[in-house]
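Have a look at the structure below before the remarks.
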Amino acid sequence: MQEKYDPQEVERAIQARWEDTGAAHAVEDMGKPKYYCLSMFPYPSGKLHMGHVRNYTISDVLARFHAMRGFNVMQPMGWDAFGMPAENAAIQNRVPPAKWTYANIETMKSQLKRLGFAIDWDREFATCEPDYYRWEQWLFTRLFEKGIVYKRSGVVNWDPVDQTVLANEQVIDGCGWRSGAPIEKREIPMYYMRITAYADELLDGLDKLEGWPEQVRLMQRNWIGKSFGCEVAFPYDTATVGLEGVLKVFTTRPDTLMGATYVAVAAEHPLAARAAAVDPALREFIGECKRGGVAEADMATVEKKGLPTGFFVRHPLNGEKLPVWVANYVLMAYGEGAVMAVPAHDERDFAFAEKYGIEIRTVIASRTGVYTEAVAPWIPAYAEHGVCVNSGKYDGLGFEDACDAIAADLATKGLGERRTQFRLRDWGISRQRYWGCPIPIVHCETCGDVPVPDEQLPVVLPENVEVTGSGSPLARMPEFYECACPKCGKPARRETDTMDTFVESSWYFLRYCCPDNGGAMVDDRVAHWCEGGIDQYVGGIEHAILHLLYSRFWTKLMRDIGLFGDFRLDEPFAHLLTQGMVVAPTFYRKMPDGKTEWINPSDVNLECDARGRPVAAKRLSDGQPVCIGGIEKMSKSRNNGVDPQTLIDKYGADTARLFVMFASAPDQSLEWSDAGVEGAYRFLKRLWRVVHEHVSKGRILAYSGGAITQELKEFRHQLHQTIGKVADDYGRRKQFNTAIAAVMELLNACARINDDGKTARAVRQEALEAAILMLYPIVPHICETLFIEIRPGKTSGCLSFPDIDTAALARDEIELVLQVNGKLRGYLRVPASADKSAIEEAAVSTEVAQRYLNGKPPRKLIVVPGRLVNIVPQAFST
RNA sequence: GCGAGAGUGGCGGAACUGGUAGACGCACUGGAUUUAGGUUCCAGCGCCGCAAGGCGUGGGGGUUCGAGUCCCUUCUCUCGCACCA
């Protein structure tokens, strides 16, 4: 055995061995339980970043642990290859998106291999390959025929200078990122997927996803946003609006209807347009509302503004005239694009009414309060449920009763009814971009929108293309869009929009089961690997809503098209682990021109005071001081990213893996630290040295029974307790930092045993074997190497997780914590078999207890079995 | 603005079901080994205090024999908001 730990050599040799034996290759095996371990596939952006290293290490740890536990593990990998960055690179470097993408894939694949992940590369594919996206196009045509895909107009960000549609990300402070021109909202025809038809199933399904974090389920629930309420129609006529009709709104608070003092419509609402036709000021205001982007976050933070239309509608119950306003806080995309406003009981309506001097009428009172006209409005914008007041026949009714009574009266008049409303909107999938999956539709003047027939699929995206950043490249390529109508054969025009890249990522995990099937989208291997759902899905918390919701939706679509045969798959992901982000310190300098220069942490040396507090920082390359900024998410803009490759080159893959697993729990943010990496490396060196020292003293079999000293008995107790804890941390808790800490503690305890007798050496053999196996999922290269050294006979492919010796866990005596008034005052040793009264007796008779009791019996005695005794003396009162 | 999280020593974090706050690691201090630097090993290390003891989990309040953990309130930070992936 080598005396010195050489990670580069160890990792090269072990990886060659894995490659030779096909260790990560997964085949369907009915003899073992399967474990499908899935990571969110990467976008091939260039090279791996720390977030990738973290994500795929978490998955690899779980995959390897389950393999050690006897599962047949499948861990695939692929590439989410379509997307905007490839087009941006094309514009910047004049390199075709396909070429750029494939080059990035090569780089990142070799980096993933260098990290030693047990990935079955035979299942690899990139979503930009026609063999993949043809099935997406195929399913699209089926969904189009079913009416799940439909066409209507949608609002996009329009850059009037570049004459192009921009993503929200490309709109900065309301202006185009390249042109700098103010962005406008523009309506264009788009294809949508009817996800709202599955809203109820998507909502109810969340209750069954017990393997998901509650946080994610809650976010999805709120996103779908099912609310119960009432549709209310406010009639208008020729006298007030110039034509007859009703203005429909949806409200979750029909009980406040008697307090409605105006109605507000979105700028895009037909009534707003009608009023604007004769009102220049209103036209100007609607124009103002159209400026800026479509991102909801921006729209929700703008100042609430509005203008009266001059129109009036009738209150559906009392016939009162209510003014119609146009307001920028009403969203056309939600509900009816109009709201009834009850300023007394809604915060936003209240602010709006105050600003424009509209009446505020209190109609709900707190149950505990006594409402009188004299004190009204006694609670402005009181938004809680309460009792109706000032509401005529509804006075005195509670929320439910009032809703029922008002809904019934509305229904009688034909002016409203109870219904539910979802916040969820249909999914617009059309993108006016090049680097995406072509939408398989042909527009024919006589036949309309015709789906491309199966035999003409895939509609292949041409790869020799010029990307300029202005307009859609495909729309400039007659050789792409000129075609014959599949129905009538006349000249027709092919759709030039591509699909949202979320479509590709909504089903890739099913294709991993059968990537080689050239004749079908999926086959019965899905039933094998996805039985009970994918066993583990690991990825960033930023995908908590959209990607995960779309994937759930697509799985249901594929199920309903009948692609799974008899196999029923309702939910794709049984267990979900959302990892936190990777953050790092930032350093900067203010430049003379007022700009900030961000300096990479790898170029900075921190100076600390005698107590280790950072006091100053200097740039290594010029020795000059730099300012210390905050801890922020690793990003290009803050130049605080740390390249995993330099880490691997210097310390090896195992140190990189150990650091990212040890620095924090997987679902929390992970802070980069050079010193922490050093610590991880030191631990591995120490592990190597300890094993080397042990092995160099000669071979010995692990302890398997026989007479033993008290010290070794205690140590074996800790050993087997640690095995239990680590297995629980990997399997149930998925908290790897504490698993590592427990093994470190075990090794610290092992080092304290100054006994080289035969029994002690056998126990040490037992402990070191177990420690190596326990660490194997995290640092597989060094552990497999060490295991071969420490137990040369065992060379077969898969290592097993160590078993617990329950006999080692038995104890004669246990230590309890002794508290007085809940404060720690001492310890109490009792026989493990002691019952409650024996413990109480022992506790009261201790010197500590007597000191606090002053000879009197305790007022209260609390015994928590196996943990503590709390004595509450007489004198103590609350 | 709305929805969801997080806040614990000098630092990363641990405390799983309301039951010993600070495991483990880093940094720092002292000592040993070493020609020296580095490495390695040993010891110390929340704050105040000579000690006894007291205080301590962003701030304020509450429930409890007992609160980092539960409730109310407040501040700060992070993620998502439908065309970034």
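Heavy-atom basis, side chains included; hydrogens, waters and symmetry copies ignored. Just so we're on the same page: letters track the sequence lines, and every chain starts at 1. Since the model is a prediction, treat every value here as computed from it, not as a measurement.
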May I ask you to verify whether the side chain of [X] and the base of [N] hold a donor-acceptor pair under 3.5 Å?
X: A:Q735; N: B:C16; answer: no
X: A:R732; N: B:C16; answer: yes
X: A:Q668; N: B:G13; answer: no

Interatomic distance at [atom1], [N] relative to [M], whole Å:
N: B:U33; M: B:G19; atom1: P; result: 48 Å
N: B:A21; M: B:U73; atom1: P; result: 29 Å
N: B:G56; M: B:A67; atom1: C1'; result: 14 Å
N: B:G68; M: B:G53; atom1: C1'; result: 23 Å
N: B:G25; M: B:C45; atom1: C1'; result: 14 Å
N: B:A36; M: B:U20; atom1: C1'; result: 46 Å
N: B:C77; M: B:C28; atom1: C1'; result: 28 Å
N: B:C16; M: B:C26; atom1: C1'; result: 25 Å

Flag, side chain of [X] to backbone of [Y], donor-acceptor distance under 3.5 Å:
X: A:E187; Y: A:S153; value: no
X: A:N821; Y: A:K823; value: no
X: A:Q668; Y: A:A665; value: no

Given that both distances must come in under 3.5 Å, which nucleotide forms a Watson-Crick or G-U wobble pair with [N]?
N: B:G44; value: B:C28
N: B:G5; value: B:C77
N: B:A14; value: none

Residue met sooner reading RNA chain B from 5', once A:E815 and A:D728 are mapped to nucleotides: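 Between the two, 5'-proximity favours A:D728.
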Closest-nucleotide 5' rank along RNA chain B - winner of A:N870 and A:T738: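 Result of the comparison: A:T738.
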A:D729 versus A:T738, side-chain donor and acceptor atoms under 3.5 Å: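 Their side chains do contain a donor-acceptor pair, which is all the 3.5 Å distance test asks for.
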Any side-chain donor near an acceptor of the partner, A:Y191 and A:D500, under 3.5 Å: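 No, A:D500 and A:Y191 have no side-chain donor paired with an acceptor closer than 3.5 Å.
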Would you mind classifying the nucleic acid contact of [X] as base, sugar-phosphate or nothing, using non-hydrogen atoms under 4.0 angstrom?
X: A:E296; value: base
X: A:V156; value: base
X: A:I871; value: nothing
X: A:M499; value: nothing
X: A:Y329; value: nothing
X: A:V216; value: nothing
X: A:M40; value: nothing
X: A:K725; value: base
X: A:F662; value: base
X: A:R867; value: sugar-phosphate
X: A:Q215; value: sugar-phosphate
X: A:D729; value: nothing
X: A:Q819; value: base
X: A:G540; value: nothing

Do the side-chain N or O atoms of [X] get closer than 4.0 angstrom to the phosphate oxygens (OP1, OP2) of [N]?
X: A:R689; N: B:C41; result: yes
X: A:S673; N: B:G12; result: no
X: A:R752; N: B:C42; result: no
X: A:K823; N: B:C55; result: yes
X: A:R423; N: B:A82; result: no
X: A:R431; N: B:A85; result: no
X: A:N737; N: B:G12; result: no
X: A:R682; N: B:A27; result: yes

A:E303 bridged to A:K355 by N-O distance under 4.0 Å: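 Looking at A:E303 and A:K355, the cut-off is met.
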Residues A:R825, A:E847: salt bridge by 4.0 Å N-O rule: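 So A:R825 does not pair with A:E847 through a salt bridge.
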Whole angstrom is fine here: how far is it from [atom1] in [X] over to [atom2] in [N]?
X: A:M744; N: B:A23; atom1: CE; atom2: P; answer: 14 Å
X: A:N157; N: B:C84; atom1: CG; atom2: C1'; answer: 13 Å
X: A:K860; N: B:G66; atom1: NZ; atom2: P; answer: 9 Å
X: A:N754; N: B:C42; atom1: CG; atom2: C1'; answer: 12 Å
X: A:L670; N: B:U78; atom1: CG; atom2: C1'; answer: 15 Å
X: A:M193; N: B:C83; atom1: CE; atom2: P; answer: 13 Å
X: A:Q718; N: B:A23; atom1: CD; atom2: P; answer: 15 Å
X: A:L824; N: B:G22; atom1: CG; atom2: P; answer: 9 Å

Ring geometry between A:Y508 and A:F41 (parallel below 30°, tilted from 30 to 60°, perpendicular above 60°):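 Taking A:Y508 first and then A:F41, their aromatic rings lie parallel (interplane angle under 30°).
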Syn/anti label of B:G9 as read from its glycosidic torsion, with the cut at 90° from 0: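 Judged by the O4'-C1' to base torsion, B:G9 sits in syn, the angle falling within 90° of 0.
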Closest heavy-atom pair and its distance - A:W79, A:P42: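 A:W79 and A:P42 have their closest heavy atoms at CZ3-CG, 3.5 Å.
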Nearest heavy-atom neighbours spanning A:T196 and A:R425: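 Taking A:T196 first and A:R425 second, the nearest heavy atoms are CG2-C, 3.8 Å.
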